[in-house]
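Presented below is the structure to which this report refers.
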Amino acid sequence: MNLENLLNPLVKETLSKNYSVEITDAQLQFQKTRKDFEGDITLVVFPLVKMVKKSPEQTANEIGALLVAEIEMIEGYNAVQGFLNLILKNDYWLGILNQITKNQTFGIVTEKTSQVMVEFSSPNTNKPLHLGHLRNNFLGHSVARILDAAGKNVIKTQIINDRGIHICKSMLAWQKFGKGETPASSGMKGDKLVGKYYVEFDKVLKSQTQQVLIAWQKGEFEVEEKTKLEYQKLATLLAEKEDEKAKKGIEEKIQKLANNATPILQEAKAMLVAWEAKDPETVALWSTMNGWVYDGFATTYASLELDFDHLYYESDTYLTGKDLVEEGIRKGVFYKKDDGSVWIDLTAEGMDEKLVLRSDGTAVYITQDIGTAQQRMMDYPALNGIVYTVGNEQDHHFKVLFIILEKLGYSWAKNCYHLSYGMVDLPSGKMKSREGTVVDADDLVAEVVEKAKEMTEERGHIDGMSDDEKLELYHTIGLGGLKYYLLKVDPSKRMLFKPEESVELNGNTGPFIQYVHARISSLLRKSGDFEPKNVELTCAMEPIEREIIKKLSEYSDVVQEAAHEFSPALIANYAFELGKLYNNFWQSVSIFKEEDVTIKEMRLQLSANVAKVIKSSMYLLGIKVPERM
RNA sequence: GGCUGCAUAGUUCAAUGGAUAGAAUAGAAGUUUCCUAAACUUUUGAUCCAGGUUCGAUUCCUGGUGCGGCUACCA
């Protein structure tokens, strides 16, 4: 029970009685008391001014006096402008502290009410994970834990994009230039090896595109008439335009046209068709190379401390998607064009037409998404919604997907939610694989762990730890810092990744919070006979202790709000604020030197509860907290 | 061009329509006979522009400026 809910009926009753009017919830606005004022909670009196028929300040004073007289737990008040700051009795807060002490799972809803699926990561199998995937992974994994803490039965999943033109590109390049290279023969991590051939493909594609363009400029066309005419049209247009921006757009279209006309891309496309036709040789190569990638991913996920409950593979679901498209044609949701391609008309929804099946009959991205959603609902009949953790460049895609699902007649479509997050930018700008500015996930983790090692050794707090324990600690600190850095920002916003700040240990960082936990652990170890028990309600308290209990009491609400907003950032901010308050307390109040046993006991309880809530909140972020550091 | 998102201290981020717009970092000045100084204290410094709604706007609405994203038979 939070303070606002507790006070609401009491205040309502008091006011109704004294002013003979019904008070609505809209009129009763509570908010947190700002820290420059004394008080535990603040009533905004502007909505009540008309009722009392006095100035805001006079209204506040009048109501304040009334509440102190009639509500037991309120000890005093002060009125500043239209704000009535209420001060509660010490024993209220000590009672809260005792409740928190008793509750081992404080803030967490343990009874599960409904089932929800959270999808995150979902990489392509043609290249290794990078920084962008890290934000996705940490976000999705954390949101899964937050929803679980808020009372949902959560299934963590991902859709592995294991088929499609992208993996064919790597396969083709390996076939052409690989000379049989394997992870075993080269000592390379599987995902890195496959990624290498994807880059290789891109290089060849680029050079062939140039050749095609040169040929076209000379008037040599070895392509379909349609392409030739299209090119000539664009070339004429380009010559006419003056505007730089318009020119660039046309140039891009020409590039794309030439791209499509290259022999190597034609080969890759043929390979995709062969794969969909289940050509044995193609399928064998496909499964070998995907196997390499999965081994590589497994290593990365393990080091990131991430896990999934159920994996879906696009190769298993895209056919369901194709079937559903057929069904949709019969239902009149989709229509077929003359060339055989299948579309949906979304102009009524203010959008364009959208392709759902290519003219060659192969599936596109959204085809399998339709199939996967259907498959999931069949696998988990009790499922009450799917959360898709995917970057905001796909906002449009998910809008379309959800409309399609609805049009296909699925009632659960309205429970699908796109957890859209902003891109991660580097100080140098956008990450671009073509320009080699992509930050590799494995490299980044190695870097932050190494940095944590250096910093920890410098401090020398861990003498006597075994080598294994030390390695684990460095990993906990480094990875914790990285996760916190990526999670503390509002997910929906674009963020800037500054490498030197991601390994920082001071300020608003993961290690700062971990340090609070390590200190309290040390304290509790030294206190020896400490065990949780009730604090006497008559115990004296410092203002900072009151602040900490107040902050602790907010944890449940923060968890609920984070679940509602799908925002780990709220948890991160909360944990940091709690840690900061505790550090302030630590600095100004002594525990072991305290002679009053009751006070000493209260301070230990307080410390133990701070450690408990920090551990719990960091768990929701997927971050471990050490006993020593 | 169309659709869409964002704009807050030097920098990176906060702020259910409410008080004197908070933190962190960078800058300046301090704190260690005491439970872990990866800490703490003090201090300098900001709402893109112009209107509108409101008792009250960083927040809502309109227009402008700047920066992203989408606008693929890519995913």
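Note that the structure is a prediction, hence the values are computed from the model and not measured.
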Is any side-chain nitrogen or oxygen of R358(A) closer than 4.0 Å to OP1 or OP2 of A75(B)? yes

Below 4.0 angstrom from OP1 or OP2 of A75(B), is there any side-chain N or O of K169(A)? no

Rounded to whole angstrom, note down the P distance from U53(B) over to A72(B). 42 Å

Quote, to the nearest angstrom, the P distance that separates G51(B) from C3(B). 26 Å

Does N583(A) make a side-chain N or O approach to OP1 or OP2 of C40(B) shorter than 4.0 Å? yes

So, taking the atom named NE2 in H517(A) and the one named NZ in K615(A), what distance separates them when rounded to the nearest 0.5 Å? 5.5 Å

May I ask you to check whether Y313(A) and Q158(A) show a side-chain donor-acceptor distance below 3.5 Å? no

Taking CE from M455(A) and P from A38(B), how many angstroms apart are they, rounded to a whole number? 10 Å

Side chains of T209(A) and T262(A) only: does a donor on one sit below 3.5 Å from an acceptor on the other? no

On the nucleotide U4(B), are OP1 or OP2 found under 4.0 Å from the side-chain N or O atoms that K399(A) carries? no

Quote, to the nearest angstrom, the C1' distance that separates A28(B) from G45(B). 12 Å

Across all strands shown, which nucleotide pairs with C67(B) by Watson-Crick or G-U wobble geometry, both distances under 3.5 Å? G5(B)

Checking W286(A) side chain against D162(A) main chain: does a donor-acceptor pair fall under 3.5 Å? yes

Integer-rounded Å distance: C73(B) C1' and E353(A) CD: 13 Å

Q27(A) CD - G17(B) C1' separation (whole Å): 17 Å

Reckon K493(A) has a side-chain N or O less than 4.0 Å from the OP1 or OP2 of A14(B)? yes

Could you give the CZ-to-P distance, from F576(A) to U25(B), as a whole number of Å? 7 Å

What does E458(A) touch in the nucleic acid at a heavy-atom separation under 4.0 angstrom: a base, only the sugar-phosphate, or nothing? nothing

By nearest heavy atom, map D425(A) and E314(A) onto RNA chain B; which one lands nearer the 5' end? D425(A)

Identify, between E393(A) and L473(A), the residue whose nearest nucleotide on RNA chain B lies closer to the 5' end. L473(A)

Watson-Crick or G-U wobble partner of U33(B), both distances under 3.5 Å: none

Around E454(A), counting heavy atoms of other residues, nucleotides and ligands shown, do more than 12 lie under 6.0 Å from its CD? yes

Output yes when at least one side-chain N/O atom of W586(A) is less than 4.0 Å from OP1 or OP2 of A37(B), else no. yes

Does a side-chain N or O of R34(A) approach OP1 or OP2 of A15(B) to a distance below 4.0 Å, or not? no

Could you tell me how far A46(B) sits from U54(B) if I compare only their C1' atoms? Round to whole Å. 25 Å

Does U41(B) have OP1 or OP2 sitting under 4.0 Å from an N or O in the side chain of N584(A)? yes

Using OP1 and OP2 only, check whether a side-chain N or O of K32(A) sits under 4.0 Å from A15(B). no

In whole Å, measure the gap between the C1' atoms of U59(B) and U8(B) for me. 12 Å

Whole-Å gap separating C1' (C6(B)) and CE (M495(A)): 15 Å

Counting just side-chain N and O atoms, does H397(A) come under 4.0 Å of either OP1 or OP2 of A75(B)? no

Is there a side-chain polar atom (N or O) of N506(A) under 4.0 Å from OP1 or OP2 of A39(B)? yes

Any donor-acceptor N/O pair under 3.5 Å between A19(B) base and T42(A) side chain: yes

Report yes or no: is there a donor-acceptor pair, N or O only, under 3.5 Å between the side chain of S359(A) and the base of C73(B)? yes

List the atom pairs, with distances to 0.1 Å, where a side-chain N or O of residues 337-344 of chain A and a protein N or O form a donor-acceptor pair under 3.5 Å, not counting sequence neighbours.
residue : atom : partner : partner atom : Å
D339(A) : OD1  : S341(A) : N            : 3.0
D339(A) : OD1  : S341(A) : OG           : 2.7
S341(A) : OG   : W343(A) : NE1          : 2.8

On a whole-Å scale, what distance lies between the C1' atoms belonging to G68(B) and C73(B)? 27 Å

Tell me yes or no: between the side chains of Y421(A) and N136(A), is some donor less than 3.5 Å from an acceptor? yes

Any-strand Watson-Crick or G-U partner of U62(B), both distances under 3.5 Å: A50(B)

Between P of G18(B) and CD of E57(A), the distance in whole Å: 20 Å

Is it true that E230(A) and T227(A) share a donor-acceptor pair across their side chains at a distance under 3.5 Å? no

Below the 4.0 Å mark, does A38(B) have OP1 or OP2 next to a side-chain nitrogen or oxygen of Y515(A)? yes

Heavy atoms under 4.0 Å, any strand shown: does Q394(A) hit a base, just sugar-phosphate, or nothing? base

Please confirm whether the shortest side-chain N or O distance from Q81(A) to OP1 or OP2 of C55(B) is below 4.0 Å. no

Any strand, both distances under 3.5 Å, Watson-Crick or G-U wobble: U43(B) pairs with G27(B)

Using OP1 and OP2 only, check whether a side-chain N or O of R494(A) sits under 4.0 Å from C6(B). no

Could you work out the separation of C48(B) and U11(B) based on their P atoms and round it to a whole Å? 13 Å

Whole-angstrom distance between C34(B) and U58(B), as gauged at atom C1': 45 Å

